[in-house]
Amino acid sequence: MLIDGDAGGLNEKQRRYINEVARGSHRMVDLVNSLLNVSRLELGTFIVEPEKVDLKKIVRSVLDEFKVKIDEKKLKITFVISKSFPKYLLDPKLTRIIVQNLVSNSIKYTSNGGWVKIAVGQVKDKILISVLDDGCGIPAGQQSNIFNKLFRADNARVLDPDGTGLGLYIVKTILANVGGEIWFKSREKKGTNFFVTLPCYGMRSKKGRRELEVVLPH
Ligand SMILES: Nc1ncnc2c1ncn2[C@@H]1O[C@H](COP(=O)(O)OP(=O)(O)O)[C@@H](O)[C@H]1O
Ligand SMILES: [Mg+2]
């Protein structure tokens, strides 16, 4: 309302300050929601509710969510999936959180004019999701910490001071609970390839107290 000028016009400086405050409060809400997710995962109180999920639609809608950023950075995005890729019994929210985090990282940690290649397929009895980028990569000496709660590599902190280091921890913990796996290959200044597998039989349903929150990572 203030930004829209409903309470009277704002000068440029006031508008900048208000935008900064709004950004800060969004970040805070996102952080609280991520911490709630961590707590629900660690306490095991989160719900898994599988239904027939179209991974093509999930990836496309995640890419739509990041469209502004992708255009701003002039990134070239490719997405490969077979036309007849079947639907699998997955929890749509959990699947979205996994895809969102991998895609957001590859967009965040790739410089202007770079590229991101997403591929989804089936290998034997597993669904395989691959997200490859030609971004800043992960320094060799820090790769073993990458799934630790709150950990962020030095080069990532420089590129994005606002990150939380919770995304991959959340993704890895979800996967550990639904029979999935995650791993990566990365070279500093060359790029990174994340791989996720999920069992083709899908996720098993689990009763719980709350669903996880879908937080759009920055
Ligand atoms: N595609 C990527 N390219 C380079 N570094 C990455 C990539 N994905 C993850 N990382 C590294 O892993 C760390 C943890 O990722 P994440 O948990 O999503 O936290 P955040 O994105 O908030 O920093 C990042 O800070 C970064 O160092
Ligand atoms: Mg992240």
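Keep in mind that this is a model prediction, so the values were computed, not measured. Remember, it's 1-based here, ligands and their atoms both numbered in the order they're listed.
- Considering only non-hydrogen protein atoms, atom 1 (N) of ligand 1 sits nearest to D133 OD2, 2.9 Å.
- In terms of the side-chain contact (heavy atoms from CB on, under 4.5 Å) criterion, residue partners of D154 (sequence neighbours excluded) are, by chain and number, Q142.
- Each protein N/O/S atom under 2.8 Å from the Mg ion (ligand 2) was counted, for a total of 1.
- For ligand 1, the atoms sitting less than 4.0 Å from at least one non-hydrogen atom of F151 are 13 (C), 14 (C), numbered in the order shown with element in parentheses.
- Not one N or O on the side chain of R210 forms a donor-acceptor pair closer than 3.5 Å with the backbone of T45.
- Applying the 4.0 Å criterion to heavy atoms of R152 picks out, from ligand 1, the atoms 20 (P), 22 (O), 23 (O), 25 (O).
- Considering every non-hydrogen atom in both S34 and L166, the closest pair reads CB-CD1, 3.8 Å.
- At a 4.0 Å heavy-atom cut-off, ligand 1 does not touch N155 at all.
- Counting only distance, with no hydrogens or angles, the side chain of K73 and the backbone of K108 share a donor-acceptor pair below 3.5 Å.
- The protein non-hydrogen atom at the shortest distance from atom 5 (N) of ligand 1 is I138 CG1, 3.4 Å.
- The pair E49-K93 does not count as a salt bridge, with every side-chain nitrogen at least 4.0 angstrom from each carboxylate oxygen.
- The A153 neighbourhood of ligand 1 comprises atoms 25 (O), 27 (O), with distances under 4.0 Å to a heavy atom of that residue.
- Residue K108 approaches ligand 1 through these ligand atoms, each under 4.0 Å from one of its heavy atoms: 20 (P), 21 (O), 22 (O).
- The residue R157 has no part lying near ligand 1, judged by heavy-atom distances below 4.0 Å.
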Without placing hydrogens or testing angles, list every side-chain donor-acceptor pair under 3.5 Å for residues 174-195, not counting sequence neighbours.
residue : atom : partner : partner atom : Å
N177    : ND2  : T173    : O            : 2.7
E181    : OE1  : T197    : OG1          : 3.3
S186    : OG   : I138    : N            : 2.8
S186    : OG   : G191    : O            : 3.2
S186    : OG   : T192    : OG1          : 2.9
N193    : OD1  : S130    : OG           : 3.1

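- Protein heavy atom nearest atom 17 (O) of ligand 1, with residue, atom name and distance: L168 N, 2.8 Å.
- Under a 4.0 Å criterion applied to the non-hydrogen atoms of G167, ligand 1 contributes the atoms 16 (P), 17 (O), 18 (O).
- Those atoms of ligand 1 with a heavy atom of S106 less than 4.0 angstrom away are 1 (N).
- Counting the atoms of ligand 1 from 1 in the order shown, those under 4.0 Å from a heavy atom of T164 are 22 (O).
- Given atom 7 (C) of ligand 1, the protein heavy atom at minimum distance is Y109 CD1, 3.6 Å.
- We find that D91 and K206 are not joined by a salt bridge, their nearest charged nitrogen and carboxylate oxygen being 4.0 Å or further apart.
- When the options C136, S104, A156 are ranked by their closest heavy atom to atom 26 (C) of ligand 1, first place goes to A156.
- Below 3.5 Å of separation, one finds no N or O of Y169 facing any N or O of ligand 1.
- With sequence neighbours left out, F85 forms a ring pair (Phe, Tyr, Trp, His ring centres under 6.0 Å) with Y88.
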